[in-house]
Amino acid sequence: MAMTMTGEVQLAAPREMVWAKLNDPEVLKACIPGCEELEKTGDNGFRAVAKMKVGPVSARFKGRVTLSDLDPPNGYRISGEGEGGVAGFAKGGAIVGLTEKEGGTLLKYDVEAQIGGKLAQLGQRLINGAAKKLADEFFANFAKAVQG
C-alpha cells in the first residue's frame, strides 16, 4: 500500500538553526513519536528503533535512515526502511525544504511511503489518519525544540 503526504510548518527560528536541529540525532530522537533509539551510523546515516501503534496493530520497528541530496541550509532528502516483524514493513522518504519567511523559516515536506504486512490490511483511511497524526506530532515537537 502506498501513500503520500505533503505539508508545511512555519517555525520562529532562523533557517541555519532549523537546519542544525534537523541534523541533530538527539533532537530528532526526542521529536519522533515512539522513538526509542536513534544513533548515527556514518556521515549521513542513522539506525533507529521506534514503537508504533496503528489501530489494533502495535509493533517495534527497527530500521535505517539515510540523508541524501544535502543542500545546507536549504533542505535534503530523507529515506528509510523499517521492519516490524509480523506487523509488516514500512519504507519511504521525504523531501524537506527550508525557506526564509516572515522572520523565521518555512519547512515544507513531501512524503512518499509504502507499507506491507498486517499494517497494509488496516485500510487506507486508518493508515493515512495515523500517518497524518504522527507527522503532526513530530512537527509540533520539532517546533518546540527549535523555538526553545
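Values in this document were obtained by computation on a predicted structure and should not be read as measured data.
Within the 4.5 Å cutoff, the side chain of Leu107 has heavy atoms near those of the Val96 side chain. Under the 4.5 Å side-chain criterion, counting only non-hydrogen atoms from C-beta, Leu106 is in contact with Lys108. Contact of the Met17 side chain with the Leu11 side chain is not registered, since no non-hydrogen atoms from C-beta on lie closer than 4.5 Å. Between Gln114 and Met1 the shortest side-chain heavy-atom distance does not fall below 4.5 Å. Inter-residue side-chain proximity for Thr105 and Trp19 is flagged as unmet; no heavy-atom pair is nearer than 4.5 Å. Pro25 has its side chain out of reach of Glu39: every pair of non-hydrogen atoms, C-beta onward, lies at least 4.5 Å apart.
Considering all non-hydrogen atoms of both residues, Tyr109 and Ala135 come closest at OH-CB, 4.2 Å. Glu137 and Pro33 make their closest contact through OE2-CB, 3.5 Å (heavy atoms, listed as atom of the first residue, atom of the second, distance). Nearest heavy atom pair, residue Ala30 against residue Asn141, reads O-ND2, 4.2 Å. Nearest approach of Thr41 to Phe46, heavy atoms of both residues: OG1-N, 3.5 Å. Between Ala120 and Gly116, the closest heavy-atom pair is CB-CA, 3.9 Å.
Phe61 CZ to Cys35 SG: the interatomic distance, rounded to the nearest 0.5 Å, is 13.5 Å. Remark: Ile115 CD1 to Lys118 NZ distance equals 14.0 Å, nearest 0.5 Å. Here Asn128 contributes atom CG and Arg125 contributes atom CZ; the two are 10.0 Å apart, rounded to the nearest 0.5 Å.
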Which donor-acceptor pairs under 3.5 Å do the side chains of residues 66-93 make with protein atoms, sequence neighbours left out?
from	atom 1	to	atom 2	distance (Å)
Asp69	OD2	Arg77	NE	3.4
Asp71	OD1	Asn74	ND2	3.3
Asp71	OD2	Asn74	ND2	3.3
Asn74	OD1	Arg15	NH1	2.6
Tyr76	OH	Leu22	O	2.9
Glu81	OE2	Arg64	NH2	3.2

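Under the 4.5 Å side-chain heavy-atom criterion for ILVMFWY residues, a single connected hydrophobic cluster contains both Val146 and Leu28. Follow the hydrophobic side-chain contacts under 4.5 Å out from Met5 and you reach Ile32 in the same cluster. At a threshold of 4.5 Å between side-chain heavy atoms, the hydrophobic network of Ile, Leu, Val, Met, Phe, Trp and Tyr places Val54 and Leu134 in one connected group. Residues Met3 and Leu126 fall within the same hydrophobic cluster, defined by Ile, Leu, Val, Met, Phe, Trp and Tyr side chains chained together at heavy-atom separations under 4.5 Å. Grouping the Ile, Leu, Val, Met, Phe, Trp and Tyr side chains by contacts below 4.5 angstrom, directly or via other members, places Val111 with Leu98.
Salt-bridge check for Glu36 with Lys51: failed, with every basic side-chain N at 4.0 Å or more from each acidic carboxylate O.
Taking the six-membered ring for Trp and thresholds of 30 and 60 degrees, Phe142 and Phe139 have ring planes more than 60 degrees apart, a perpendicular arrangement.
A donor-acceptor pair under 3.5 Å is formed between the side chain of Lys40 and the backbone N or O of Asp43.
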Chi angles and distances behind the salt bridge (charged side-chain N to carboxylate O under 4.0 Å, His left out) call for Lys29, Glu37: CA-CA 7 Å; Lys29 180 182 175 189; Glu37 294 175 37; over 6 Å; no
